[in-house]
Amino acid sequence: MMNLILFGAPGCGKGTQAQRLKEHYGIRHVSTGEVIREEIARDTELGREMEQYIRAGQLVPDEVVIGMVADYVAEHGRSGGCIFDGFPRTTRQAEEFDRILAEHGLKVDLMIDIRVPEEELVRRILLRGRDSGREDDASEEVVRDRIAVYRRQTAVVADFYAGQGKYVGVDGVGTMDEVFDRIRAAVDSRV
Ligand code: AMP
């Protein structure tokens with residue numbers, strides 16, 4: 001049983017690497033961004049509210065995302081481990097996440113921070129936006145805002161896990177295979 005956080009700025013390759021880690025270790029994968037996009041696609045009241053934030057490149061309010069993750073952990077938390085992708089994104093989310101996991105006798109084992117320079121992030125997201133149909137990937141202005149939000153509100157979450165001795169940074173520049181090998185080596189040596 002292993003709970004991993006895949007961390008890094010938008011466009012660092014979290015989604016791609018999460019899929020590979022999921023297959024390699026046979027554990028679950030949950031992306032809060034995907035859960036939110038599904039809620040928007042269902043056109044619920046909550047979905048419509050969250051769409052405003054996503055469109056503007058801003059974070060959805062903590063309580064909404066924390067509630068989603070609490071539900072997920074209650075349902076799947078004890079079934080073999082999970083990769084959390086895109087969560088936690090604020091210190092408050094990280095604190096609440098520890099509490100939620102502890103309620104189920106669980107913990108975070110490792111945070112993997114995929115590090116990529118800003119210009120490369122922007123290039124990758126705009127490229128992805130051509131095929132993904134994600135509105136928040138299509139505009140350079142929104143992409144840069146998302147990266148700024150990451151630096152302002154999210155980057156500090158790395159310190160939270162570093163303080164617990166659970167942080168590892170990996171170089172996210174290279175082929176998908178190269179980055180995957182670095183992540184796998186980090187997980188195998190630390191967990
Ligand atoms: P992502 O798919 O991880 O790039 O997330 C897309 C968007 O969903 C973000 O720009 C935020 O608006 C929202 N989002 C995803 N995860 C979170 C989170 N943990 N906290 C707040 N907002 C989030």
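Computed over heavy atoms, backbone and side chain alike; hydrogens, waters and symmetry mates excluded. Here the structure is a predicted model, which is why all the values come from computation and not from measurement.
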Legend entry - Atom pair CD1/CZ of I125 and R130 - distance to nearest 0.5 Å: 13.5 Å
Legend entry - In one Ile/Leu/Val/Met/Phe/Trp/Tyr side-chain cluster, 4.5 Å: Y53, I66: yes
Legend entry - Heavy-atom closest pair, residues S31 and R37: OG-NH2, 4.5 Å
Inset, instruction - Check whether any side-chain heavy atom of D109 lies under 4.5 Å from a side-chain heavy atom of R190, and answer yes or no. - result: no
Inset, instruction - Run the numbers on L6 and M111 for side chain to side chain contact (heavy atoms under 4.5 Å, CB included), then give the verdict. - result: CA-CA 6 Å; L6 212 47; M111 166 188 267; over 6 Å; no
Inset, instruction - Walk me through it: do I83 and K22 pass the test side chain to side chain contact (heavy atoms under 4.5 Å, CB included)? - result: CA-CA 7 Å; I83 301 152; K22 174 184 166 173; 4.0 Å; yes
Legend entry - Side-chain touch C82/H76, heavy atoms, less than 4.5 angstrom: no
Inset, instruction - State whether the side chain of Q93 and the backbone N or O of R89 hold a donor-acceptor pair below 3.5 Å, judged by distance alone. - result: yes
Inset, instruction - Determine, step by step, whether D136 and V143 satisfy the side chain to side chain contact (heavy atoms under 4.5 Å, CB included) criterion, reporting the C-alpha distance in whole Å, the side-chain angles of both residues, the deciding distance to 0.1 Å, and the verdict. - result: CA-CA 7 Å; D136 62 340; V143 169; over 6 Å; no
Legend entry - Minimum heavy-atom distance between K14 and G8, given as atom pair plus value: NZ-O, 2.8 Å
Legend entry - For L127, the rest of its hydrophobic cluster, which grows through side-chain links under 4.5 angstrom: none
Legend entry - C12 vs L121 side-chain heavy atoms within contact, under 4.5 Å: yes
Inset, instruction - Kindly indicate, with the supporting measurements, whether the criterion side chain to side chain contact (heavy atoms under 4.5 Å, CB included) is fulfilled by D113 and V168. - result: CA-CA 6 Å; D113 180 10; V168 63; over 6 Å; no
Legend entry - V149 versus G57, closest heavy-atom pair with distance: CG2-O, 3.6 Å
Legend entry - Any side-chain heavy-atom pair of I5 and F87 under 4.5 Å: no
Inset, instruction - Decide, yes or no, whether a salt bridge links D171 with R115 under the criterion of side-chain N to carboxylate O below 4.0 Å. - result: no
Legend entry - Test: R55 and E141 ion pair at under 4.0 Å: no
Legend entry - V65-L4 co-clustered via ILVMFWY side chain contacts under 4.5 Å: no
Inset, instruction - Provide the closest heavy-atom pair for R146 versus P10 in the form atom of the first, atom of the second, distance. - result: NH2-CB, 3.9 Å
Legend entry - E95/R92 salt bridge by N-O under 4.0 Å criterion: no
Inset, instruction - Report yes if the side chains of V157 and Y167 come closer than 4.5 Å at any heavy-atom pair, otherwise no. - result: no
Legend entry - Ion pair check, R124 and E119, cut-off under 4.0 Å: no
Legend entry - Side-chain H-bond candidate by donor/acceptor type, Q164 with D98, under 3.5 Å: yes
Legend entry - Modelled atom types, side-chain donor and acceptor of E39 and T44, under 3.5 Å: yes
Legend entry - Test item: K166 side-chain N/O and V108 main-chain N/O as donor-acceptor pair under 3.5 Å: yes
Inset, instruction - Start with the C-alpha distance between R20 and E23, add both sets of side-chain angles, then the distance that settles salt bridge (charged side-chain N to carboxylate O under 4.0 Å, His left out), and finish with yes or no. - result: CA-CA 5 Å; R20 307 187 73 162; E23 282 163 29; over 6 Å; no
Inset, instruction - For ring-ring contact (aromatic ring centres under 6.0 Å, His included), just list the numbers for H24 and F180, CA-CA rounded to whole Å, side-chain angles, deciding distance to a tenth of an Å, and then say yes or no. - result: CA-CA 10 Å; H24 183 77; F180 178 67; 5.7 Å; yes
Inset, instruction - On the 0 to 90° scale, with breaks at 30° and 60°, tag the Y150-F7 ring pair as parallel, tilted or perpendicular. - result: tilted
Legend entry - Backbone of G33 reached by a side-chain donor or acceptor of E38 within 3.5 Å: no
Legend entry - Residue among I40, V64, V60 satisfying side-chain contact (heavy atoms from CB on, under 4.5 Å) with L46: V64
Legend entry - Joint cluster assignment, I36 & I100, ILVMFWY side-chain distance < 4.5 Å: yes
Legend entry - same_hphob_cluster(Y161, V191) at 4.5 Å side-chain heavy-atom cutoff: no
Inset, instruction - Might you point out which heavy atoms bring R48 and Q52 nearest each other, and give the distance in Å? - result: O-NE2, 3.3 Å
Legend entry - Side-chain (N3) to main-chain (K107) donor-acceptor, under 3.5 angstrom: yes
Inset, instruction - Answer yes if I27 and V30 sit in the same cluster of Ile, Leu, Val, Met, Phe, Trp and Tyr residues linked by side chain heavy atoms under 4.5 Å apart, and no otherwise. - result: no
Inset, instruction - Check whether any side-chain heavy atom of D181 sits under 4.5 Å from a side-chain heavy atom of E178, and report yes or no. - result: no
Legend entry - Shortest non-hydrogen separation from D137 to S132 and the atoms involved: OD2-OG, 3.3 Å
Legend entry - 4.5 Å side-chain heavy-atom contact, Y72 and T32: no
Legend entry - Of all pairs that satisfy salt bridge (charged side-chain N to carboxylate O under 4.0 Å, His left out), the ones with a partner from residues 66-85, not counting sequence neighbours: none
Inset, instruction - Starting at CD of E96, measure out to OG1 of T91 and round the result to the nearest 0.5 Å. - result: 12.0 Å
Legend entry - Flag side-chain contact, heavy atom, 4.5 Å: I54 against E135: no
Inset, instruction - Kindly compute the distance separating CE (M176) from CD (Q19), expressed to the nearest 0.5 Å. - result: 12.0 Å
